[in-house]
Amino acid sequence: MAKDFWIGEVHQGKYDDQEIELKGWVHRTRGSNKIWFIVLRDSTGLIQCVIKKTVVGDESFNLIKGALIESSIILKGTIKSTEREHGYELQVTNAKVVGPVNPDNPFPITESAMLEAEGGESEFLLDNRHLYLRTSRMTNMLKVRSTIFGAIHSYFRNQDFIEYQAPNFVAGAVEGGSTLFEVPYFGKKAYLTQSWQLYAEAAMPALERLYTIAPSFRAEKSRTRRHLTEFWHAEMEIAWASNDEVMKYGEGVVRTAASKLLEERESELNELGRDLSLVERYADNPYPRMRYDEAVEILQSKNVEIEWGQDLDYSKEKILTADFDLPHFLTHYPRIAKPFYHRPDPSDQKYVLCHDLLAPEGYGEIIGGGERTWSEEEILERIDEEGTPREPYEFYIDTRRYGGVPHGGFGLGVDRICAWLAGADHIRETIPFPRDSRRVTP
RNA sequence: GCCGACAUAGCUUAGUUGGUGGAGCGGUGGACUGUUAAUCCACAGGUCGCAGGUUCGAGUCCUGCUGUCGGCGCCA
């Protein structure tokens, strides 16, 4: 039953003139009543298979001719290299249909639906996401995504970080309570987590260097190409580290993801229409750093209405990053613009020791992080000044009561990195079953 | 929460000042011995998102609803 031969291997020249058996799905068909062509797909590529009536016999020929698009089939034959378009062909001697497609209900994703997909994602393709996954665009994107997830894991593990899991059901918010998903919990209320961070800080004194890749949930009615209600969040937390040191890891993990893509997914990126020289630039260059104050000055010089103390929203980020050809770290935001867990800068208490990493090409913020408020006194002051109740954070404050140390971390939007590095038009294109405020199906 | 669009066959869509809804893809039948989004001929496929209204007559005009898409705020 196992599958021994892969289309990708054929194109590497592994089976020239050999007899092999290919298992896969019908991508396209054409032909006459004497010769039939099937472009066969498997997870590794496409190959044209040639079926001649004189070779396989009338019965077999007619059966395979009835295999509609997306039927699963097994074809046995000989691999021949060819001067024609496909490089290699399978000269079929034996054909078998495994899972047919009923002509009354053919595969719904047609050329016309695919043409639409080049520009964006139609309602129809979102409704038929489970079938759209089989198309080359989605397949390429999922391979790119896998490489990025792998790169994040190996980056942290290679530096002795411990992968650590936090609960997804939580009692309180990390920030601004309005974006929590509430779920019934045996007569009580629980929430879906927005971030691993607070639980990571609890384990920081035990593990010192820790990371995760996990889903986070935000009940924001955001309708943008950068937002999902369920997104994959890569987070890290490290003891004894300053804002600067945390940023080095942020830069490191992003550049590692970019170079892994160049190593492993060049052809996929090409097929997705990505300009590889951009990805190379993101892999090979250090990311500049800029203080919030400088960013405000730049914006003011461009006649953008902004006052000191305002957070940088996306419309301002977009103007700021328009001239950037690399991701930039923005640091030292005003204390009043950031939540309580950010540590005030000891050299000027108006600022916090934090950073956002802003991607170029309009992809916006991909990392948010910084140094944490770590003394008991300071965390209580920050919680009170924000008007946040203390009770839900008692466990968090305890981290400071028993041997608090300087520490920091960041959260990285993995789907956003995928969208940016792959050059996707929408974050939805990078995740198999996207969830937003209007869609939880399929 | 706010702003702006759109909804016609399984899919992509055309539809004029309101007058019996067409095409391409996909499907079915047929033709064709090397096709490349194969080609050619024929056929099937429609409660024009839903509910009201105006009118002799509504896919088309008006109102409401629903759904979807795009953008803002919020963030990763």
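Numbers restart at 1 for each chain; the letters A, B, ... are given by sequence-line order, proteins then strands. Quick caveat, the model's predicted, so the values are computed rather than measured.
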Applying the Watson-Crick and G-U wobble criteria at under 3.5 Å, what pairs with [N]? Answer none if nothing qualifies.
N: B/C72; value: B/G1
N: B/G22; value: B/U13
N: B/A58; value: none
N: B/C6; value: B/G67
N: B/C43; value: B/G27

Is any side-chain N or O of [X] under 3.5 Å from a base N or O of [N], one able to act as donor and the other as acceptor?
X: A/Glu220; N: B/G1; result: no
X: A/Arg439; N: B/C69; result: no
X: A/Ser222; N: B/G73; result: yes

Of the listed nucleotides [options], the one nearest the side chain of [X]:
X: A/Arg28; options: B/G27, B/C74, B/A38; result: B/A38
X: A/Thr110; options: B/U28, B/G26, B/A76; result: B/G26
X: A/Asp313; options: B/G73, B/C69, B/G34; result: B/G73
X: A/Leu126; options: B/A76, B/C69, B/U68; result: B/C69
X: A/Leu68; options: B/A76, B/G67, B/U28; result: B/U28
X: A/Asn33; options: B/A31, B/G1, B/C75; result: B/A31

At under 4.0 Å between heavy atoms, what does [X] touch on the DNA or RNA strands: base, sugar-phosphate, or nothing?
X: A/Asp311; result: sugar-phosphate
X: A/Phe37; result: base
X: A/Gly411; result: sugar-phosphate
X: A/Gln48; result: base
X: A/Ile35; result: base
X: A/Glu89; result: base
X: A/Lys53; result: nothing
X: A/Glu83; result: nothing
X: A/Ile367; result: sugar-phosphate

What integer distance in Å separates [X]:[atom1] from [N]:[atom2]?
X: A/Arg145; N: B/A76; atom1: CZ; atom2: P; result: 18 Å
X: A/Lys221; N: B/G71; atom1: NZ; atom2: P; result: 19 Å
X: A/His227; N: B/G1; atom1: NE2; atom2: C1'; result: 14 Å
X: A/Tyr314; N: B/A76; atom1: OH; atom2: C1'; result: 13 Å
X: A/Arg438; N: B/A7; atom1: CZ; atom2: P; result: 16 Å
X: A/Ile51; N: B/U33; atom1: CD1; atom2: C1'; result: 14 Å
X: A/Leu131; N: B/C11; atom1: CG; atom2: C1'; result: 13 Å
X: A/Ile69; N: B/U28; atom1: CD1; atom2: P; result: 10 Å

Is the distance between the ring centroids of [Y] and [X] under 6.0 Å?
X: A/His342; Y: A/Tyr333; answer: no
X: A/Trp232; Y: A/Phe217; answer: no
X: A/Phe5; Y: A/Tyr15; answer: yes

Determine the Euclidean distance between corresponding [atom1] atoms of [M] and [N]; express it in Å to zero decimal places.
N: B/G18; M: B/U60; atom1: P; result: 11 Å
N: B/A44; M: B/G30; atom1: C1'; result: 15 Å
N: B/C11; M: B/U16; atom1: C1'; result: 26 Å
N: B/G59; M: B/G19; atom1: P; result: 10 Å
N: B/U47; M: B/U8; atom1: P; result: 12 Å
N: B/G67; M: B/G21; atom1: P; result: 30 Å
N: B/C75; M: B/U13; atom1: C1'; result: 38 Å
N: B/U55; M: B/A14; atom1: C1'; result: 26 Å

Is there a side-chain polar atom (N or O) of [X] under 4.0 Å from OP1 or OP2 of [N]?
X: A/Ser32; N: B/A38; value: no
X: A/His426; N: B/G70; value: yes
X: A/Arg428; N: B/C69; value: yes
X: A/Arg225; N: B/C75; value: no
X: A/Arg30; N: B/U39; value: no

5' priority, RNA chain B, between A/Trp232 and A/Ser315 [closest heavy atom]: A/Ser315
N-O pairing of A/Asp58 and A/Lys65 below 4.0 Å: no
A/Glu235 vs A/Thr212, side chain to side chain donor-acceptor pair (under 3.5 Å): CA-CA, chis, key distance, verdict: CA-CA 5 Å; A/Glu235 298 182 82; A/Thr212 195; over 6 Å; no
Mark yes or no for whether A/Asp356, through its side chain, and A/Gly368, through its backbone, hold a donor-acceptor pair below 3.5 Å. no
Counting neighbours of NZ on A/Lys96 that are heavy atoms of other residues, nucleotides or ligands and sit closer than 6.0 Å, is the number greater than 12? no
Might you confirm whether atom NZ of A/Lys221 has over 12 heavy atoms from other residues, nucleotides or ligands at distances under 6.0 Å? no
If you measure from the ring centre of A/Phe231 to the centre of the six-membered ring in the base of B/A76, is it under 5.5 Å, with the planes under 30° apart? yes
With the side chain counted from C-beta on, respond yes when A/Val144 and A/Leu269 share a heavy-atom pair under 4.5 Å apart, and no when they do not. yes
